[in-house]
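Comments concern the structure below.
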Protein chains: 2
Amino acid sequence: MSRAAETAYEKIRSFVLYGEARPGMQLTEEKLAEISGVSRTPVRDAVRRLENEMLLVRSASKRLSIADWSEDEIDEMFTLRAMLEAHAAERAARRIGTADVEKLRDINDRLKQAIRQSRPDIAAFLQANREFHDLILACAKSPRLSKLLPALIEQPVVHRTAHQYSNAELEQSAKDHDELIAAFDAQDSHWAGAVMTSHIRRAFHKFSATARSAND
Amino acid sequence: MSRAAETAYEKIRSFVLYGEARPGMQLTEEKLAEISGVSRTPVRDAVRRLENEMLLVRSASKRLSIADWSEDEIDEMFTLRAMLEAHAAERAARRIGTADVEKLRDINDRLKQAIRQSRPDIAAFLQANREFHDLILACAKSPRLSKLLPALIEQPVVHRTAHQYSNAELEQSAKDHDELIAAFDAQDSHWAGAVMTSHIRRAFHKFSATARSAND
DNA sequence: ATCGCTTCTATTGTATACAATTCTGTCTGG
DNA sequence: CCAGACAGAATTGTATACAATAGAAGCGAT
C-alpha cells in the first residue's frame, strides 16, 4: 500500500477510533475519500483492510457502516485473543533470544515509568504495552498468527479498558510482563502461555465490569 | 463483491489451487486480469481477498506471487486450526438445536455413502466434510471465528491429505463426526472440543507423514 | 571485468468517467 | 389510508488512462 492508500487507511482508522464516528454510523466511500483527501480508489483499498479488521462492516447490500459489537462478540474477541496470544507466547518462549528478552525488559521499564507518576500517562502505557505484545508476536515467528491477531485486538476496547485501570491494576500489568520475561528467560513455554492467558483474561473481566456499570 | 470481482476471485483461486500455477510463481495483475477476463480494478479486489487468505503473497515490493508455505508454517496452520475449530465446536455444543443436529446427521450419512463404495468418491467426501464443518461453524454463531477460520483451512493441504486417506482413515473421519454429533446431542462442549481437536490433529499427522515420504 | 550510473521498461498505484445497482420518496389505484 | 410501482437520486462497481515506482539492461570509467 503506498502513499495514498496508506494515508487513507490511517485517516479513516483514526476517524473511526478517535474521531466523531459512532458505532453503526453509515459511511460512503465518497465521504471517506473527502476525509482522507484522496480519490475513491485508494479509499476502497483502505476500506477492504478495515473490513478485514472488522472495524467496518458491509451491510446487506454493500453499504458501509462502523462496526458495533454485541456483548457476546466482545467476550468472544477476548477469548480468542487470549487463546492466540497465549499460543504466541508459547512459541516465543521456545524461540526468543537474550537480545529480545533485553528489549522486552527495556520496554517494560518504560511502561513502569509511564505509570509511576502522580498522574499515570495512559497514552505512554498503551504505547509501551503495544510494543511489548508486538515484540512477543514477532518472536513467535508465525506469519499466520501475525495476520490473525490484529483482527482481535480492537483499539476501542483496549483504550476503554486501560483508561479505567486503577494504579494497582496498572502495576499488575507491569508485573505480568515481568513474569512473562521470567518465563522467557527460563524458556518455559507453558509458564509463558499461562501468564499471558491470565493477563488477557484479567483485562477481559475488568472491561466487562466497567461496561456493566456503564450500562446501569 | 459483485459480478466481476467475484468471478475474478473464483478464477484466480482455481487457477492457484487447481490450475497450472506453482508455489512461488510470480504473477502480475495484468496476467490475472487476462485470466479472469475483467479489468485490473476488480482483480485487485480479488487479490486483496486472496492475500488475506494467504494464498497470494505480496513480495518485498508489491510484486505478487503464489504462496509457498514452509513446513513450520503448515504445522502452525494445523495447530491454530485445531485450536479454533475445537473452540467453534465448544461454542456450537452450547448453542446447537435439534434441527441442526439432524442436518449434521444427514450430511454425515452422505459422507459415509461417498466412502463406502468399491472406489471411494473423494470429491463427494470432501464436499460433505466441508459442509459438516461449515455447519458447525455456523452454529458457533461467532462472526469473528467465521472470519478467522477460512484463513487456516487451505484447500491444497486438505485435498492432498484426503487423497492419501486409506479406507480405514476415511471411516475414522466418519466416526469422529458421529462422535461430534453425540457430543452435540449431549450438549457437552468439552467432549465436542476434544473430539474436534483429535480429528484435526490426526489429519495433521497424516499430512506430515505423507509429506515426509514424498520428500524422500 | 566490475562497479556504479543512467536510461528504459515493466508493474503497480491513483484519478476519473461512466455503468450498474440500490435506495427513497412520490404517485396512483384500490 | 395503504400497497405497490415507478422515477429520480445516491452509492457502489468497473474500465481506462495516466502517474509513480521498482527492476533490468546497457554504458562507460576505472
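Here is how names work: the chains are called A, B, and so on, in the same order as the sequence lines, proteins then strands, and each is numbered from 1. Any value given below was found using the heavy atoms of this structure, including those in side chains, with hydrogens, waters and symmetry copies removed. If you're wondering where the values come from, they're calculated on a predicted model, not measured in any experiment.
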For the pair made of CD in E6(B) and C1' in dT12(D), what is the distance, rounded to whole Å?
-> 15 Å
Contacts table for residues 13-21 of chain B: side-chain donor-acceptor under 3.5 angstrom, sequence neighbours left out:
from   : atom 1 : to     : atom 2 : distance (Å)
R13(B) : NH1    : E53(B) : OE1    : 3.0
S14(B) : OG     : E10(B) : O      : 3.1
S14(B) : OG     : K11(B) : O      : 3.3

Using the test side chain to side chain donor-acceptor pair (under 3.5 Å), find all partners of S70(A) that sit at least two apart in sequence or belong to another chain.
-> E73(A)
Non-neighbouring partners of K112(B) that pass side chain to side chain donor-acceptor pair (under 3.5 Å), sequence neighbours left out = D178(B)
Hits for side-chain contact (heavy atoms from CB on, under 4.5 Å) against S146(B), two or more places apart or cross-chain, chain-then-number order -> L137(B)
Pairs touching residues 22-34 of chain A that satisfy side-chain hydrogen bond (donor to acceptor under 3.5 Å, both in side chains), sequence neighbours left out = E29(A)-R40(A), E29(A)-R44(A)
Among the candidates dT14(C), dG13(D), dT14(D), find the nucleotide nearest to the side-chain atoms of K62(A).
-> dG13(D)
Hey, what are the protein-to-nucleotides 16-21 of chain D N/O distances that come in under 3.5 Å?
from    : atom 1 : to     : atom 2 : distance (Å)
dT16(D) : O4     : T41(B) : OG1    : 3.4

dT11(C) P sits how many Å from L64(B) CG, rounded?
-> 12 Å
Considering residues at least two apart in sequence or located in another chain, which fulfil the side chain to side chain donor-acceptor pair (under 3.5 Å) criterion with R202(A)?
-> D176(A)
In this structure, are over 12 heavy atoms from other groups packed under 6.0 Å from K103(A) atom NZ?
-> no
Between G37(A) and A60(A), just flag the one whose closest nucleotide in DNA chain C comes earlier from the 5' side.
-> G37(A)
Return the set of residues passing side chain to side chain donor-acceptor pair (under 3.5 Å) with Q187(B) (not counting sequence neighbours), or none when no residue passes.
-> none
Atom-pair distance (OH on Y9(A); C1' on dG13(C)), nearest Å = 19 Å
Using a cut-off of strictly less than 4.0 Å between a heavy atom of the residue and any atom of DNA chain D, enumerate the qualifying residues of residues 22-32 of chain A by number.
-> L27(A), T28(A), E29(A)
Protein-nucleotide distance (R44(A), atom CZ; dA15(C), atom P), rounded to Å | 14 Å
